[in-house]
Amino acid sequence: MNTPHPFVLPPEDRTLSPYTGWTRAHWEAVADGLLTAVRPYRSPGGALITLPGRTSWSGERSDGLEGYARTFLLAALRAAGTAASGRPVPAALLEPYADGLRAGTAAPGTADAESWPAVVDRGQAMVEAASVALALHLTKDQLWDRLDESVRERAADWLAGALRHEPVDNNWWLFPVAVGTFLEAADRHTGQARAAIDRGLARIEKWYVGDGWYTDGAGRYFDHYNGWAMHLYPLLCAAVAGEPTDPVRRERLREFLTGYGRLFDRTGAPLHQGRSLTYRFASAAPLWLGALVDATPYSPGTTRRLASGVLRHFLDRGAARDGLLSLGWYGPDAATVQPYSGSASPYWAAKGFVGLLLPERHEVWTARESAGPAEQADADPALGLPGPGLLVHAGHGVARLVNHGADHQPAVPAAALDADDPLYARLAYSTLTGPTRCGDPADNHIGLVLAGRVTERGRIEPLGAGPGWAASAHSPTLDGHPVPDTRIVSVSVVRGPYEVRVHHVLAPTGTAVRASGWAPAAAAGARLRSAVEGLGARVDTASVRSTLTGAHGWERAAVHAAAHGTAFGEQAELAVLEGTVATGPLVTVLSLTWADTALVPAPRVTVTASDADVWWADGGVSRVRRTGADGCSVTHEPA
């Protein structure tokens, strides 16, 4: 593939890196290229880097600080890694950031040409203070210790605002941890620093749900923040400070990575689910962190293959076409972006360069690349995670996450629930497809059809997960309110390329029901191939194949267009099944594969009353049993 970016890279090394061709030298060259590209956008004093594009809801001055802080973190990782490898750090790498620190802390909160916003309660400056503090900690010998005392005092006072102001009640509690860890090392505001560290770590402890997963604040907010925030800050800050690795946090990271490493496909793509996806290859951060703190289940060659794969995946697809990271997934994509994001927000992708802290002689850089978990044959059974209510389903180059636990609904009961968020509320997510946009039919969904409208999932209640299965219940909602006297209990069982969904629908007999499958997308003008045959429908692109079949209880199949496309293409379609509530469960069979993958025969499903047996092609059977109003059990019997 031609690489649509301007970075000058060394030749590929297919001996050391047979999967990606990339080595540490490629990572360093990309870091240098990203830093070079932002130079024209520095303010005269260097305190603000204001990139072209949209302004966030925090305003232009805050966005300029964001540009400084996030690229400073990248420069600091590059410098610290160079020093760890025994090479001299080029002065030009850090000097602009030293200048910016002097200018930005001259009169914080004022409207002069350079000064940074003050750190206030729940203000964006608190987020950026964490990146500045971590960058200063990483480069303490090369930058901080060489500053005039007056500059150090001003900078410490500005950073200390993060210690005494209120964060947003989610991963933001870790920003004072990062600031406090640095200020302790610098012997500044030490009492407040220690209190902020202890307070932040205690707060996130309440959100640990098991299986290596934290929710990002109260509620069921499971997404990439689990890796690039909840695990990253406590362990990385301690490592930079030279503190022993907390054994509990180390094992949690190892447990998390066991499933997380399966969520990268053969092209290096990470899972398309959750918010802040414009941070892109920040998704590599926990992979490197596992190697850094001895908390990874993967070999050094697999770790590098996964991390290099995700970096190359995005650069090969136009994420930095002009050298600047765009707001989007591949190229610019407004629907992928949250309101809090500004033009410099994508540079939290700097976290993906944590691997540079491992010296060039470390085996993660010297070992030969080896295949990632999803590139191998399906490792049955798939990994069920009862804590978050998720099921990791990967193999033959595809990664999927079956969702029976994440909903992004407020934890505190409110007058009405939020509308379903496409990036959280779907029944499944993948590395090959994105969820359909708001206003289009929902992919990977089941709902009642009432007066022409399809109900939403609303609050998802996990019922359990285990090897090869996961289950949940929800009360169908319209306009944020549950529909009276309705309930849907859903069970997913997976094997190979297939997922079987067994839905028990409580609603008046004859109520219309609609279910949907994956939504492959293509660029405008490219061909989407779709067809309906009986109770089955498929939607294919040149590279992706998807199917949806009604195995029990459905009356007709169709293909619907998603006019707004997805992050993967401007045009998308999804297969749909329609039926009505009657006796017994509604059962669907889905598949999602690369087009060049041989598809084994689909499973056969038999239904008796409220129970279903799934007969797999290899002769094994999964037995799904209803136990009470919301209960279920799944057992697997080998061939």
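- Taking 4.0 Å as the cut-off between side-chain N and carboxylate O, Asp148 and Arg152 do not count as a salt-bridged pair.
- Each of Thr278, Leu73, Ile49, Val38 was compared with Tyr347 under the side chain to side chain contact (heavy atoms under 4.5 Å, CB included) criterion, and only Val38 meets it.
- In this pair, Phe281 and Phe314 present their aromatic rings tilted. The plane angle is within the 30 to 60° band.
- Salt bridge annotation for Asp63-Arg54: absent, with no cationic side-chain nitrogen under 4.0 angstrom from a carboxylate oxygen.
- The pair Arg78-Asp32 meets the salt-bridge criterion, since a charged nitrogen lies less than 4.0 angstrom from a carboxylate oxygen.
- Taking every heavy atom of both residues into account, Leu163 and Pro176 meet most closely at CD2-O, 3.8 Å.
- Taking the six-membered ring where the residue is Trp, Phe264 and Tyr260 present perpendicular rings, their angle passing 60° and hence far from 30°.
- Rounding to the nearest 0.5 Å gives a distance of 9.5 Å between CE of Met230 and CG of Asp223.
- Remark: Arg252 is positioned above the aromatic ring of Tyr208, its terminal NZ or CZ atom under 6.0 angstrom from the ring centre and at most 45 degrees off the axis.
- Phe175 does not carry Arg122 over the face of its six-membered ring by the limits of under 6.0 Å from the centre and within 45° of the normal.
- In this structure, Tyr424 and His408 have parallel ring planes: the angle between them is below the 30° cut-off, well short of the 60° mark.
- Between Arg87 and Glu28, at least one side-chain N (NZ, or NE/NH1/NH2) sits under 4.0 Å from a carboxylate O, which counts as a salt bridge.
- A side-chain donor-acceptor contact under 3.5 Å links Glu66 and Ser345.
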**Prompt:** So Trp207 and Tyr221, ring-ring contact (aromatic ring centres under 6.0 Å, His included) or not? Walk me through it.
**Reply:** CA-CA 10 Å; Trp207 298 327; Tyr221 298 0; 9.5 Å; no
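- To the nearest 0.5 Å, the span separating OG1 on Thr105 from CD on Glu114 amounts to 11.0 Å.
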**Request:** Run the numbers on Asp407 and His474 for side-chain hydrogen bond (donor to acceptor under 3.5 Å, both in side chains), then give the verdict.
**Result:** CA-CA 11 Å; Asp407 58 24; His474 72 275; over 6 Å; no
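- When only modelled atom types and interatomic distance are considered, Arg249 and Thr245 share no side-chain donor-acceptor pair under 3.5 Å.
- For the residue pair His313 and Tyr330, a side-chain donor N or O sits within less than 3.5 Å of a side-chain acceptor on the partner.
- No side-chain N or O of Arg24 forms a donor-acceptor pair with one of Ser308 less than 3.5 Å apart.
- In the model, Lys206 has no side-chain atom that pairs as donor or acceptor with a side-chain atom of Tyr214 under 3.5 Å.
- Separation of the Phe182 and Trp144 ring centroids falls under the 6.0 Å cut-off.
- Under a 4.0 Å N-O distance rule, the pair Asp420/Arg457 does not qualify as a salt bridge.
- Between the side chains of Ser62 and Gln124, no donor N or O sits under 3.5 Å from an acceptor N or O.
- Between the side chains of Thr82 and Ser85, no donor-acceptor pair is found at a separation under 3.5 Å.
- By the 6.0 Å contact criterion, CD on Glu60 is open, its count of non-hydrogen atoms from other residues, nucleotides or ligands being 12 or less.
- Side-chain contact annotation: Tyr97 with Thr71, donor-acceptor N/O pair under 3.5 Å present.
- Figure legend: cation-pi geometry between Arg275 and Tyr225, with NZ or CZ positioned under 6.0 Å from the six-membered ring centre and within 45° of its axis.
- The aromatic ring centres of Tyr279 and His224 sit 6.0 Å or more apart.
- Taking the ring centroids of Trp288 and Phe353, they lie at or beyond the 6.0 Å cut-off.
- For Arg102 and Asp99, the salt-bridge test passes: some basic side-chain N is under 4.0 Å from an acidic carboxylate O.
- A side-chain donor from one of Ser276 and Tyr340 sits under 3.5 Å from a side-chain acceptor of the other.
- Nearest heavy-atom pair across Val310 and Pro270 is CG2-CD, 3.7 Å.
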